[in-house]
Amino acid sequence: MSTTTTNPGGTGTPTFPLPPDVRTAYEDTYAKLQTAIESSADPVLLTLLNDSRMAIADVITADNQYRISQDDASFAALNKKFTAANDSLKTLQAQMEGIAKKVGAVASALAAVNKLVSLVPHV
């Protein structure tokens with residue numbers, strides 16, 4: 001994971017993830033090198049083109065891996081938040097179930113009181 005900024009002169013280490021314009025430039029260059037490889041029969045030139053293409057492929061692969069690791073880290077962070085939220089909801093659910101049982105018991109007692117009051121109006 002590099003934190004070095006991209007050097008406009010081309011001598012710096014690229015920052016990951018690659019900025020979109022830099023990634024596009026790598027992908028375009030890779031494609032053009034591939035086209036040049038397919039149209040060349042010169043063994044020396046083919047070696048140079050293949051070496052350059054593979055070096056660019058390595059950068060694109062590193063960028064892909066960085067993006068995947070970032071996605072994994074983001075997912076892990078979100079998963080922790082989901083787990084915490086679900087744990088909190090389970091606690092709330094248990095408390096509400098307890099309250100509902102108490103309310104049910106109070107409602108039952110109130111029904112008994114109402115019945116008694118209706119049967120014996122002077123109580």
Side-chain angles (χ1 to χ4, degrees):
M1 212 170 5
S2 174
T3 58
T4 307
T5 57
T6 303
N7 182 333
T11 59
T13 303
T15 302
F16 291 100
L18 294 172
D21 59 330
V22 174
R23 177 159 176 120
T24 299
Y26 274 109
E27 290 170 339
D28 289 346
T29 303
Y30 181 91
K32 286 181 173 50
L33 289 172
Q34 182 62 38
T35 301
I37 289 167
E38 292 169 2
S39 66
S40 179
D42 183 324
V44 174
L45 181 58
L46 283 172
T47 299
L48 294 171
L49 291 170
N50 274 311
D51 289 348
S52 295
R53 186 178 57 96
M54 292 309 298
I56 289 172
D58 289 344
V59 171
I60 293 170
T61 298
D63 187 53
N64 289 339
Q65 290 171 339
Y66 181 85
R67 289 171 191 266
I68 290 169
S69 72
Q70 289 299 101
D71 289 344
D72 288 347
S74 296
F75 177 76
L78 283 174
N79 196 33
K80 286 180 184 177
K81 290 180 182 182
F82 286 131
T83 300
N86 285 343
D87 290 346
S88 177
L89 289 171
K90 286 177 185 176
T91 300
L92 177 62
Q93 179 184 31
Q95 291 173 347
M96 291 176 78
E97 285 174 348
I99 291 169
K101 287 178 184 175
K102 290 177 186 173
V103 168
V106 169
S108 179
L110 177 59
V113 169
N114 286 339
K115 180 178 179 181
L116 182 58
V117 169
S118 69
L119 294 175
V120 184
H122 296 299
V123 175

K.L.:
Can you see which heavy atom on Leu46 is nearest to which on Ala41, and at what distance?
P.N.:
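Closest approach of Leu46 to Ala41, heavy atoms only: CD1-C, 4.1 Å.
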
K.L.:
To the closest 0.5 Å, what do you measure between CG (Leu92) and CD (Glu97)?
P.N.:
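Output value for this atom pair is 10.0 Å.
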
K.L.:
Is there a salt bridge (Lys or Arg N to Asp or Glu O under 4.0 Å) between Glu27 and Arg23 once you walk through the steps?
P.N.:
CA-CA 6 Å; Glu27 290 170 339; Arg23 177 159 176 120; 2.9 Å; yes

K.L.:
Rounded to the nearest 0.5 Å, what separates atom CZ in Phe16 from atom CD in Gln70?
P.N.:
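Spacing of CZ (Phe16) from CD (Gln70) equals 12.0 Å.
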
K.L.:
Ignoring hydrogens, what is the shortest heavy-atom contact between Leu49 and Ile37? Give both atom names and the distance.
P.N.:
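Leu49 and Ile37 have their closest heavy atoms at CB-CG1, 3.5 Å.
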
K.L.:
Hey, does the side chain of Thr61 reach the backbone of Ala57 with a donor-acceptor pair shorter than 3.5 angstrom?
P.N.:
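A pair under 3.5 Å: yes.
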
K.L.:
Looking at CG of Leu33 and CE of Met54, how far apart are the two atoms once the value is rounded to the nearest 0.5 Å?
P.N.:
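It is 12.0 Å, given to the nearest 0.5 Å.
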
K.L.:
Please name the pair of heavy atoms, one in Ser40 and one in Leu45, separated by the smallest distance, quoted to 0.1 Å.
P.N.:
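Smallest interatomic distance, heavy atoms only, reads OG-CD2, 3.7 Å.
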
K.L.:
Indicate whether any N or O donor in one side chain lies under 3.5 Å from an N or O acceptor in the other, for Arg67 and Asn64.
P.N.:
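Absent: no donor and acceptor within the cut-off.
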
K.L.:
Between Thr24 (side chain only) and Pro20 (backbone N and O only), is there a donor and an acceptor less than 3.5 Å apart?
P.N.:
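Checked: pair present.
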
K.L.:
Roughly how far, to the nearest 0.5 Å, is CZ of Phe75 from NZ of Lys80?
P.N.:
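Spacing of NZ (Lys80) from CZ (Phe75) equals 12.0 Å.
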
K.L.:
Are any non-hydrogen side-chain atoms of Leu18 and Val59 less than 4.5 angstrom apart?
P.N.:
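Side chain of Leu18 against side chain of Val59, heavy atoms only: contact under 4.5 Å found.
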
K.L.:
With rounding to the nearest 0.5 angstrom, report the OH to OG1 distance, Tyr66 to Thr15.
P.N.:
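So the gap between those two atoms works out to 9.5 Å.
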
K.L.:
Got Val113 and Val117 here, is their nearest side-chain heavy-atom distance under 4.5 Å?
P.N.:
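In short, these two side chains touch, coming nearer than 4.5 Å.
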
K.L.:
Rounded to the nearest 0.5 Å, what separates atom CD1 in Ile99 from atom NZ in Lys101?
P.N.:
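Result: 12.5 Å between the selected atoms.
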
K.L.:
Specify the closest pair of heavy atoms between Ile56 and Tyr26, including all atoms of both residues, with the distance to one decimal.
P.N.:
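In terms of heavy atoms, the two residues are closest at CG2-O, 3.4 Å.
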
